[in-house]
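Below is one structure, written out as structure tokens; the observations come after it.
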2 protein chains.
Amino acid sequence: MAKQTRGGTLPTEVPGAPVRAPLTHDRIIATAIELIEREGAQALSMRRIGAELGVAAMSLYNHVPGKEAVLDGIADRILGGLEVDPAPEADWRDRARRLAHAFRAAAHRHPRSMSVVLSRSMIWTRRLPVIEQMLAIAEQAGFRGRTAVQVMRTFMAYVIGTLMNEANTAATLRQIAEERRRVAELVDPKAFPHVVGAARELLHPDYDADFDFGLDLLIGAIESLPRT
Amino acid sequence: MAKQTRGGTLPTEVPGAPVRAPLTHDRIIATAIELIEREGAQALSMRRIGAELGVAAMSLYNHVPGKEAVLDGIADRILGGLEVDPAPEADWRDRARRLAHAFRAAAHRHPRSMSVVLSRSMIWTRRLPVIEQMLAIAEQAGFRGRTAVQVMRTFMAYVIGTLMNEANTAATLRQIAEERRRVAELVDPKAFPHVVGAARELLHPDYDADFDFGLDLLIGAIESLPRT
DNA sequence: CTCCTTCCGCTTACGGCGTAAGTCGCTGAG
DNA sequence: CTCAGCGACTTACGCCGTAAGCGGAAGGAG
């Protein structure tokens, strides 16, 4: 059915057929990410990835030990795109802002995959560069020891929490758009007066502005903290 | 095999056997939560829940439309335990702290289930009471309109992000304890000097203190924000 | 007391999942 | 030219969620 460059059994090559690119770890991960972005996380299966690549499911196991490894590979790929620290000598506030924005930009490039990455626990290895960078920034800001770690943790918590909230909000708004009727019933103005009052702002979030609002708030607070 | 109170077919009741409690929505959800806490999220299946209750998998469908509904039920149950606002007249800072602590306490009561709840998107209904409460607190603090929403979002982001980080950290530390060898290789002091320098603090986190550190930082920052 | 509706747990079956095991054509080294 | 081994293949197993339909027990109606 397709010509091959090397190895493999059937289907035997057909002269006029296009050459099929060789299967590699990278191509598998890239295809997995595409698939998640296009059809959602629950559509990801070894069989589907294989189909997408024109290959049998088990062929993937020649390049990847299992599905878990595919998920790890996705995390690697997505978090790997932002490890650079372009200006280690700049003001720590700028560095912090830049790191947060880089993380968020990566999330927005692959939103559905990022959800998968964030909800997997065992990937501390992949986050290590980000942790290192944030710790360096905390030290540059004048914090040491436990306080530096706490500053780092607080900052990371805000960034990750915001990304989860954004994904959540986007999904929620999509769902609300589909079934306006039931929403009106569910959100009783008596039970949720403030939610109804702020409906306009809740329904039309300015993600960028909201992110920077909290980010600046946090950086300002860290700045005016006593040094250790 | 087991005596029944009402209805059902085989196995026909055996006189001496213990009475089996009737299947209900609540018992199904409770069993699902127990199962997740005991064996992890990937152990949760309709068949396993059934087995745990001494019942066939399909019997669950008389009380629950499907697995998604079970997951929703878990979210309801866990987030439902903290809706109270015991002192609506208290200082907004205390109310905010109390809300954050209540959320976190619920998370620690069912840590693995909370991970599942947090990584599901479509459950805005269940979070509505928390959002309402936090919006009320923001208004009490003197914020209106978009700013109130931004304060609420920032606050929620921090809380949720911290919970995810805690779950992550716990899993990471467990894993590190198992394979100290590979960790030493992976964490190169040249590449991650700050991580290695803060190893003691990173490996022995004080979750409560860390949470309050960021919480107070954030509340203080919100307090000194100009009002709208 | 009898009948009959309704409830509810049961069995069976289907398509899809991750993956262990084994087959075999092609390629490049000797 | 031979042949080792790489890499894609097929097959099969035990899971999964769930659609469809069965049948016994409980309890109201006559």
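Worth knowing before you read on, the calculation uses all heavy atoms, side chains too, and leaves out hydrogens, waters and symmetry mates. First the proteins, then the strands, lettered A, B, ... as listed; each starts at 1.
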Looking only at C:dG9, C:dC10, D:dA8, the nucleotide nearest the A:Leu23 side chain is D:dA8
From D:dT18, D:dC9, C:dG9, pick the nucleotide closest to the side chain of B:His63?
-> C:dG9
Atom CE of A:Met58 and atom P of D:dA8: how far apart are they, to the nearest Å?
-> 12 Å
Under the side-chain contact (heavy atoms from CB on, under 4.5 Å) test, residues paired with A:Tyr61 that sit two or more places apart = A:Met46, A:Met58
List every contact pair, protein side and nucleotides 13-17 of chain D side both N or O, where the distance is under 3.5 Å.
| from | atom 1 | to | atom 2 | distance (Å) |
| --- | --- | --- | --- | --- |
| D:dC16 | OP1 | B:Ser45 | OG | 2.9 |
| D:dG17 | OP1 | B:Met46 | N | 3.3 |
| D:dG17 | OP1 | B:Lys67 | NZ | 3.3 |
| D:dG17 | OP2 | B:Met46 | N | 2.9 |
| D:dG17 | N7 | B:Arg47 | NH1 | 2.4 |
| D:dG17 | O6 | B:Arg47 | NH2 | 3.3 |

A:Asn62 CG to C:dA21 P: how many Å, rounded?
-> 15 Å
Output all residues satisfying salt bridge (charged side-chain N to carboxylate O under 4.0 Å, His left out) with B:Glu39, sequence neighbours left out; order by chain, then residue number.
-> B:Arg48
In chain order, what residues pass the salt bridge (charged side-chain N to carboxylate O under 4.0 Å, His left out) check against A:Asp206, with sequence neighbours excluded?
-> none
Distance check: side-chain N/O of A:Ser59 vs OP1/OP2 of D:dC9, anything under 4.0 Å?
-> yes
Pairs involving residues 150-190 of chain B, ordered by first then second residue, that meet ring-ring contact (aromatic ring centres under 6.0 Å, His included) (sequence neighbours left out) = B:Tyr158-B:Phe211
How long is the line joining CG of A:Leu53 and C1' of D:dC9, in whole Å?
-> 15 Å
When the rotation axes relating C1' atoms of four end pairs to the next four are compared across the helix from C:dC1-D:dG30 to C:dG30-D:dC1, five pairs an end, they differ to 10° by 10°
Residues passing the salt bridge (charged side-chain N to carboxylate O under 4.0 Å, His left out) test with A:Glu132, sequence neighbours excluded, are none
Listed once per pair and sorted, the ring-ring contact (aromatic ring centres under 6.0 Å, His included) pairs that draw on residues 25-57 of chain B, sequence neighbours left out | none
Not counting sequence neighbours, which residues clear salt bridge (charged side-chain N to carboxylate O under 4.0 Å, His left out) with A:Glu34? List them please.
-> none
Roughly how many Å is it from CG in A:Leu60 to C1' in D:dT10, rounded to a whole number?
-> 15 Å
Run the salt-bridge test on B:Arg104 and B:Asp208 with the 4.0 Å N-O cut-off and return the result as yes or no.
-> yes
